[in-house]
Peer 1: 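First the structure, then my questions, so here it is.
Chain naming here is simple, since letters A, B, ... match the order of the sequence lines and numbering starts at 1 in each.
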Amino acid sequence: MQDYPFKIERKWQEAWTSGKLFSPDLVKARTPFYNLMMFPYPSAEGLHVGNMYAFTGSDIYGRFKRMQGFDVFEPIGLDGFGIHSENYAIKVGRHPRQQARISQKNFYRQLYATGNAYDWTRTLATYDPAYYKWTQWIFIQLFKKGLAYRARAPVNFCPFDKTVLADEQVVDGRCESCGSQVEKRDLEQWFFRITDYAERLLKNLEKLDWSKRVKIAQRQWIGKKEGITIGYQVAGSRLQVGCWTSRPDTNFGATFVVLAPEHELVSEILNIKYQISNIKLKEVKSYVKRAKKKTEQERIAEGRDKTGVFTGLYAVNNLNGEKLPIWVSDFVLMEFGTGAVVAVPGHDRRDFEFAQKFGLPIKRVVVGKDGDDSPITKIDQVQEEEGTMVNSDFLNGLDTHKATVKIMDYLEEKGWGKRKTTYHLRDWLISRQRYWGPPIPVIYCVNCWKVKSEKLKVKSEEGRDFAMIDGKEHAIIPVPEKDLPVILPDVKDWKPRSGARGPLAQVESFVKTLCPECGTAARRETDVSDTFLDSAWYYLGYLILGNQKSKINPSTTLRIDGEQSRTIKNQKFRNWELEFRNSLARRGQWLPVDMYIGGAEHSVLHLLYSRFLTMAFYDLGLVSFEEPFRKFRAHGLLIAQGAKMSKSKGNIVSPDDYIAKYGADALRCYLMFCGRFQQGGDFSDAGIAGMHRFLKRVWNLVIGQLGYWAVRSAPKNLLTQEPISLHMMHKTIRRVTEDIESLDYNTAIAALMEWLNFLEQKVNIKYQISNIKYDQKRPSDISLEPLGREETETYLKLLAPFAPHITEELWSRLSGNWASRPSALRLRLEEQSGKTRPKNLRAQRPNDRIDFQSIHTQPWPKYDPKLVESKKITLVVQVDGKLRDRLEAKKGLGEKDACKLALSSQKIKKYLAGANYKVVYIKDRLINFVLKF
RNA sequence: GCCGUGGUGGCGGAAUAGGUAUACGCGCAGGACUUAAAAUCCUGUGGUCGAAUAGACCUUGCGGGUUCGAGUCCCGCCCUCGGCACCA
């Protein structure tokens, strides 16, 4: 066997790109199919096989759809802005912009070498000003719509790195990079009001064709819960405290109330003098102070161990007039519900732990399945499940669900409570005190606020439409659209720095500006936006930015920030909104995305943010659909050495060496063969040689067949004829078609291997029986031809999405277009047939023309259901459910005939001799003789 | 703790309207070719007993159940990996 020349891969990659085979006309395409893959962070050393695994899986689907007749748009880009990339730049000691240039080149080189059918004329990168101009424009649209707002919020702060950290960078309360304990700091931040969309985000999930696990994760993250806020009078005062609960049925079991340390009632208690002793006051004060200062690390170290302090005040339970002592404890979170909890220690483990520690009473009001109705004294007795109400006045005897409804009705009727749905989902904090991101396009103006507040005479209720900077109130003025983009300045001192502001705050030329409204001195926002904002809309970006001039070389299609700023600046002002709308109007046929594939790790954040933004666009009238991705499938994880690939584990595998050694086709197929795509797989390089062998066998089979035809001229019979060959072909077409559709690539490849085994055997047999040699005459019996033309073509087509290069090469040779360079075939032919040089294989000029007939645009083979079924079956014969024999049989046998056949078997006769039996017959499958019945 | 995955030969993994368990590949063993090696090709390969290509028994994480028949369905556990987690 000879090695197939996988060096042909480069040639075809270039032919595809220069021929624009994979660059559909975005305006005129008639059957658009938007096949999108989550674009990568180019932050690490380069692409690893885990990335390639995901991209290849997406590409195969796209290629399959193309052959099914769709105009497939499969774009690629880089999610290069943001903390990941910046941290990598810090690590290697390069400026992020410089690093981006290196990463970009490297990533595109690697992606190009994988042979994916990307539209290289429409790449994008989030750090390109032409891209982030839109990110900023989107921010402004949301701001104008009231969906972006400023508020004080606690952020993670690392005292060693002196920088603000994103939640993702805090691992077990410690800084991801240096390991120091993270502190919380209260700072003014920008938020997106995603919570306004909680209900829609939840409801729309039902309609989406998405991986089930992702839908579940989102549902859980949104965390909708029905409940009621119950008001409690604070004894001896006019104050009220509202406690939200989802279990009002247990309210007769309430024995105390707990406030979060940040709860407003706590500061009221501290500021206004109630009848609390000074000692008590001090106690509360110091507890609150300690609790607020507590680091994440300390909280975790404490675990579930409860701390708290009694305020000396009582809340009155309207239901029974009982006085509930009011405590303060940090196990109650201000961000959830009302920040105050009515504790039912008998039916909530946390409340129980607290009650036990501080000696508070515990009441049983529910009896569960176990029937235990004794007093609750041990944690294991805490009854959180459903059950029957006891000790609860008018609720007694009801089950918990009915009791919940009844008491809610009652509380509302009395005016003591109000039904309220809460969500786990929080507003999206989008500002980062970092450098490597799109500057938030906002200007702060003291003068404007002065004018405005005088006009209004009153400050706004929320106090949110001004920004507090250096103790001064500033009006928030969005950057006028004509001034977009706000270019990220080239800064030497770009590393994260101490204090509340990011590196941009040090750049005077950036900060100082004039107010676009009143013209007085003003300052720019110095925070940049979250990477997730960049990636939340990029699926539109490919269409909007798609009118750039196409450039072929993938490493130069992109402009890096800074290099491009001049060009952008020189552009004439355009009406961005009009451009946005026009782009989508002309290319809107591609939307929403038809197939989106990506990692399950983005189940919640990216996919939720993207959905939110799309809904906001819909409400703004910018798009005509609410959901960005019609179909989403999460791919599995590629494991190496028993663990997920990561830098820290040191098990990163780069595709480069494998591509150099075996070719991209072999690696693609091998990756897809590792396991079910949606489940992941185990990468070990031991098996890749096997895949290489498989492709070599395909190569040699087809080349051998070409040789046969070359000597004997083209076959007369184009169709495959023998029944068994037909059956194998149609069966395989069906299996591969169905498996690709369901992304079960591993079994699709297995089916192709099985067919190959069959074809090779057939060829061997035919050569044997006909004793064909190249220098002999063609046998008169055409059916002795090793392979049929149709068979050969079908094989290549089915393999094409997996191994696009080798199949393209063989396809081109099959269509007589192959002779552009000395090939194995020609050498072999000359060797074998002496001087013979077949006329239909006359050497042609090198041919890389655009209009070559690519296999990747050939129609996908169809199968005939009749031929998929075999005419013969194996009848399994069981006795008492145990396999005893297998018999060849015709299809469609009736029970009587099957019985007769089975009884003719000696083996079976032996078992049935002299016994009574019952027969269970499953047509075309098995017959079971049951003796014991 | 909660939610979600998955548990099948030496290894990666096939097989679910309940019906031939271990497809396909890797590895391994033997053979052919070769001066030799590599490559390639052929044969074999779940386990135990057995001379056997006779036959029997066992086998899909563990324990029960339903069924003529269970990897697949039901009940009760154990473990892996992933995500969330003091969310009232």
Peer 1: Is A/Gln220 near enough to B/rG83 that one of its side-chain N or O atoms lies under 4.0 angstrom from OP1 or OP2?
Peer 2: no
Peer 1: Nearest to the side chain of A/Asp330, heavy atoms from C-beta on, is which of B/rC86, B/rC68, B/rC26?
Peer 2: B/rC86
Peer 1: OP1, OP2 of B/rA14 versus side-chain N and O of A/Arg676: anything below 4.0 Å?
Peer 2: yes
Peer 1: For a quick test of reading the model: is some side-chain N or O of A/Asn757 closer than 4.0 Å to OP1 or OP2 of B/rG25?
Peer 2: yes
Peer 1: If you take all heavy atoms of A/Asn746 and A/Arg676, which pair is closest and at what distance?
Peer 2: ND2-N, 3.4 Å
Peer 1: From the options A/Thr245, A/Asp249, A/Thr250, select the one residue that forms a side-chain hydrogen bond (donor to acceptor under 3.5 Å, both in side chains) with A/Arg247.
Peer 2: A/Asp249
Peer 1: So if I take every side-chain heavy atom of A/Phe673 and compare against B/rG12, B/rC68, B/rU20, which nucleotide ends up nearest?
Peer 2: B/rG12
Peer 1: Return the value, rounded to whole Å, for the distance between atom CD of A/Glu754 and atom P of B/rU22.
Peer 2: 13 Å
Peer 1: Starting from C1' on B/rG27, measure out to CG on A/Asp682 and report it in whole angstrom.
Peer 2: 14 Å
Peer 1: Of all the nucleotides listed (B/rC68, B/rC58, B/rA14), which has the minimum atom distance to the side chain of A/Val920?
Peer 2: B/rC68
Peer 1: Can you identify which nucleotide, out of B/rA56, B/rA23, B/rU5, has its nearest atom closest to the A/Ala750 side chain?
Peer 2: B/rA23
Peer 1: Taking the six-membered ring for Trp, are A/Trp244 and A/Phe336 closer than 6.0 Å centroid to centroid?
Peer 2: yes
Peer 1: Can you tell me which nucleotide in B/rG19, B/rC24, B/rC3 comes closest to the side chain of A/Gln878?
Peer 2: B/rG19
Peer 1: Between B/rU40 and A/Arg693, is there an OP1 or OP2 to side-chain N/O distance shorter than 4.0 Å?
Peer 2: yes
Peer 1: According to a strict under-4.0 Å criterion, is A/Arg884 in side-chain N/O contact with OP1 or OP2 of B/rC57?
Peer 2: yes
Peer 1: Please tell me whether A/Tyr658 and A/Phe683 form a close aromatic pair, meaning their ring centres lie under 6.0 Å apart.
Peer 2: yes
Peer 1: The side chain of A/Lys696 lies closest to which of these nucleotides: B/rU40, B/rC84, B/rA56?
Peer 2: B/rU40
Peer 1: With side chain to side chain donor-acceptor pair (under 3.5 Å) as the test, would you mind laying out the steps for A/Asn757 and A/Arg697 before giving the verdict?
Peer 2: CA-CA 9 Å; A/Asn757 290 342; A/Arg697 284 165 57 203; 2.6 Å; yes
Peer 1: Please report, rounded to the nearest Å, how far the P atom of B/rC86 is from the CZ atom of A/Phe354.
Peer 2: 17 Å
Peer 1: Applying the Watson-Crick and G-U wobble criteria at under 3.5 Å, what pairs with B/rC68? Answer none if nothing qualifies.
Peer 2: B/rG19
Peer 1: Measure from the side-chain heavy atoms of A/Met753 and tell me the nearest of B/rC24, B/rG69, B/rA15.
Peer 2: B/rC24
Peer 1: How long is the line joining NE2 of A/His635 and C1' of B/rC81, in whole Å?
Peer 2: 16 Å
Peer 1: Quick one: is B/rC84 close enough that its OP1 or OP2 comes under 4.0 Å of any side-chain N or O from A/Arg219?
Peer 2: no
Peer 1: Can you tell me which nucleotide in B/rU5, B/rG19, B/rC3 comes closest to the side chain of A/Arg925?
Peer 2: B/rG19
Peer 1: Would you please indicate yes or no on a ring centroid separation below 6.0 angstrom for A/Phe354 and A/Trp327?
Peer 2: yes
Peer 1: Check whether any side-chain nitrogen or oxygen of A/Lys215 sits under 4.0 Å from OP1 or OP2 of B/rC3, and answer yes or no.
Peer 2: no
Peer 1: Does A/Asn746 have a side-chain nitrogen or oxygen under 4.0 Å from the phosphate oxygens OP1 or OP2 of B/rG25?
Peer 2: no
